[in-house]
2 protein chains.
Amino acid sequence: MNIQLESMEPIADKKRAIFESTLELVRENGFHGTPMSMVAKRAGVAAGTIYHYFKSKDQLIHELFAYAQQKPIQVISEENCETIPFKDCFFNLWFGLFTFYTRQPNVLKFFEQFLNSPYSADRPSLEQDDFFSLFIAFFERGITEGKLKKVSPKILATLANSSIITAVKLAGSDKITLQERELRQIPELLWDGMKQAA
Amino acid sequence: MNIQLESMEPIADKKRAIFESTLELVRENGFHGTPMSMVAKRAGVAAGTIYHYFKSKDQLIHELFAYAQQKPIQVISEENCETIPFKDCFFNLWFGLFTFYTRQPNVLKFFEQFLNSPYSADRPSLEQDDFFSLFIAFFERGITEGKLKKVSPKILATLANSSIITAVKLAGSDKITLQERELRQIPELLWDGMKQAA
DNA sequence: GCTTTCCAATTGAATGTTCATTCGGATTTA
DNA sequence: TAAATCCGAATGAACATTCAATTGGAAAGC
């Protein structure tokens with residue numbers, strides 16, 4: 001319900017180019033290390049043009065966060081879960097997000113940088129975050145169905161999320177190799193911890 | 001064994017002041033947002049003095065990371081575990097680190113920023129990291145004793161670590177309140193997932 | 001259909017600021 | 001007094017942001 005207007009009407013080409021370039025550059029060089037002039041060049045746009053779309057670099061970063069967040073929200077929304085058993089749905093969701101972040105390392109890296117920077121100081125609480133409220137609702141279903149322990153769904157959601165991020169980072173690190181079998185153990189371990197004992 | 005020389009001989013007062021000031025300022029303002037001039041002022045030192053101890057800002061940040069990492073290493077090392085049951089030791093370790101990071105939010109925030117920035121690009125692999133190798137050794141013990149599932153200890157260590165970080169962030173957020181009871185559920189959930197089924 | 005008007009979109013050079021780093025000299029230490 | 005520390009003003013580069021000028025294309029007038 002709370003979708004941005006922009007996701008209704010297509011984002012101007014230039015604006016999208018600026019978003020995507022910033023995403024790439026922030027991964028490569030961090031927030032510092034990505035001057036506006038570089039964003040402009042990568043986006044194939046003049047420096048001044050950026051300021052036509054965004055009041056400041058600060059605002060660009062904030063809007064970029066909202067823009068990027070639509071992507072994983074999309075992933076969760078597409079896992080139409082109501083019809084299949086909760087446990088299967090859990091694994092689908094876990095691997096769905098795992099695959100998404102693995103394929104979109106820009107997005108993950110940007111999130112991580114953003115969320116650990118002072119930029120994110122004025123963000124809404126978990127419950128008001130579009131992404132997390134979907135996630136939380138999912139775990140509420142598991143509890144209601146008696147499949148999960150009676151643990152606050154915000155805790156379950158946060159743990160699940162961090163296990164996904166952790167797994168992506170592990171698998172993506174060139175310092176480490178993670179076997180297919182090992183990868184699967186991660187959500188299984190989490191499931192064993194969260195499931196309602198029989 | 002691989003302790004830095006500096007932890008043997010006391011760090012010069014000024015140097016420690018610079019480290020601690022940077023830690024504080026990076027939490028407050030991020031890497032950007034903490035100019036050397038500000039570090040100098042907070043440390044009660046002239047700008048030039050910093051350059052007596054560190055070749056550059058870059059090097060300051062890198063050395064600060066090594067300096068800060070000694071703190072949690074200390075925490076792990078002090079949990080003398082060999083004598084008590086593995087399960088108890090697991091919870092001690094979990095809460096030990098939880099408490100440490102909760103009391104030292106500067107350190108946690110700095111780690112998070114550092115590890116997600118390009119600074120950390122040239123870091124050693126998990127196995128070579130002093131902190132993680134202690135952690136990994138701990139979980140190896142649990143596997144050897146048959147208390148834990150036969151899952152790669154580096155996975156167990158990484159998951160445990162991220163659950164701690166996640167919990168600290170959750171508990172520390174002023175957007176959210178986490179009851180004592182809820183907090184305890186987190187390591188319990190993790191334990192249930194990791195333990196060898198009876 | 002063909003001008004004319006108008007405004008959003010775009011440009012990139014210019015501006016002013018912020019900041020890391022330097023360095024010549026002062027001060028402390030041994 | 002020599003060496004190690006320390007100082008902080010000065011330097012110069014990097015950067016976010018501005019703005020006067022240009023373009024393109026859509027509506028309005030003829």
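Quick note: numbers below take in every heavy atom, side chains included, and nothing from hydrogens, waters or symmetry partners. Treat the numbers as computed from the prediction; the structure is a model and nothing was measured. Throughout, protein chains are lettered first and strands after them, A, B, ... in sequence-line order, and every chain is numbered starting at 1.
- Between the C1' atom of dC19(C) and the CD1 atom of Ile50(B) lies a distance of 12 Å, rounded to the nearest Å.
- By the 30° and 60° cut-offs, the orientation of the rings of Phe95(B) relative to Phe91(B) is parallel.
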| So Ile136(A) and Glu140(A), side chain to side chain contact (heavy atoms under 4.5 Å, CB included) or not? Walk me through it. | CA-CA 6 Å; Ile136(A) 289 175; Glu140(A) 266 161 1; 3.9 Å; yes

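- Within 6.0 Å of NZ in Lys71(A) there are more than 12 heavy atoms belonging to other residues, nucleotides or ligands.
- When the shell of 6.0 Å around CG of Asp13(B) is examined, it contains 12 or fewer heavy atoms from other residues, nucleotides or ligands.
- Between the side chains of Asp129(B) and Gln69(B), a donor-acceptor pair is found at a separation under 3.5 Å.
- Applying the salt bridge (charged side-chain N to carboxylate O under 4.0 Å, His left out) test to pairs two or more places apart or on separate chains, those with a residue in residues 151-173 of chain B are Glu112(B)-Lys169(B).
- For residues 133-168 of chain A, the set of pairs meeting the ring pair (Phe, Tyr, Trp, His ring centres under 6.0 Å) definition, not counting sequence neighbours, comprises Phe86(A)-Phe138(A), Phe131(A)-Phe135(A), Phe135(A)-Phe139(A).
- Within residues 23-36 of chain B, no residue places a heavy atom under 4.0 Å from DNA chain D.
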Check the interface with nucleotides 19-25 of chain D: list each N/O to N/O pair with the protein under 3.5 Å, or write none.
none

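- Applying the salt bridge (charged side-chain N to carboxylate O under 4.0 Å, His left out) test to every pair with at least one member in residues 83-100 of chain B, sequence neighbours left out, gives no pairs at all.
- In the model, Glu20(A) has a side-chain atom that pairs as donor or acceptor with a side-chain atom of Tyr67(A) under 3.5 Å.
- Classification of the Phe65(B)-Phe114(B) ring pair by plane angle, with boundaries at 30° and 60°, yields parallel.
- Distance from the side chain of Ala47(B) is smallest to dG8(D) among dA9(C), dC7(D), dG8(D).
- OP1 and OP2 of dC6(D) both lie 4.0 Å or more from every side-chain N or O belonging to His52(B).
- The phosphate of dT5(D) has neither OP1 nor OP2 within less than 4.0 Å of any side-chain N or O from Tyr53(B).
- Of the residues in residues 54-62 of chain A, those lying under 4.0 Å from DNA chain D by heavy-atom distance are Ser56(A), Lys57(A).
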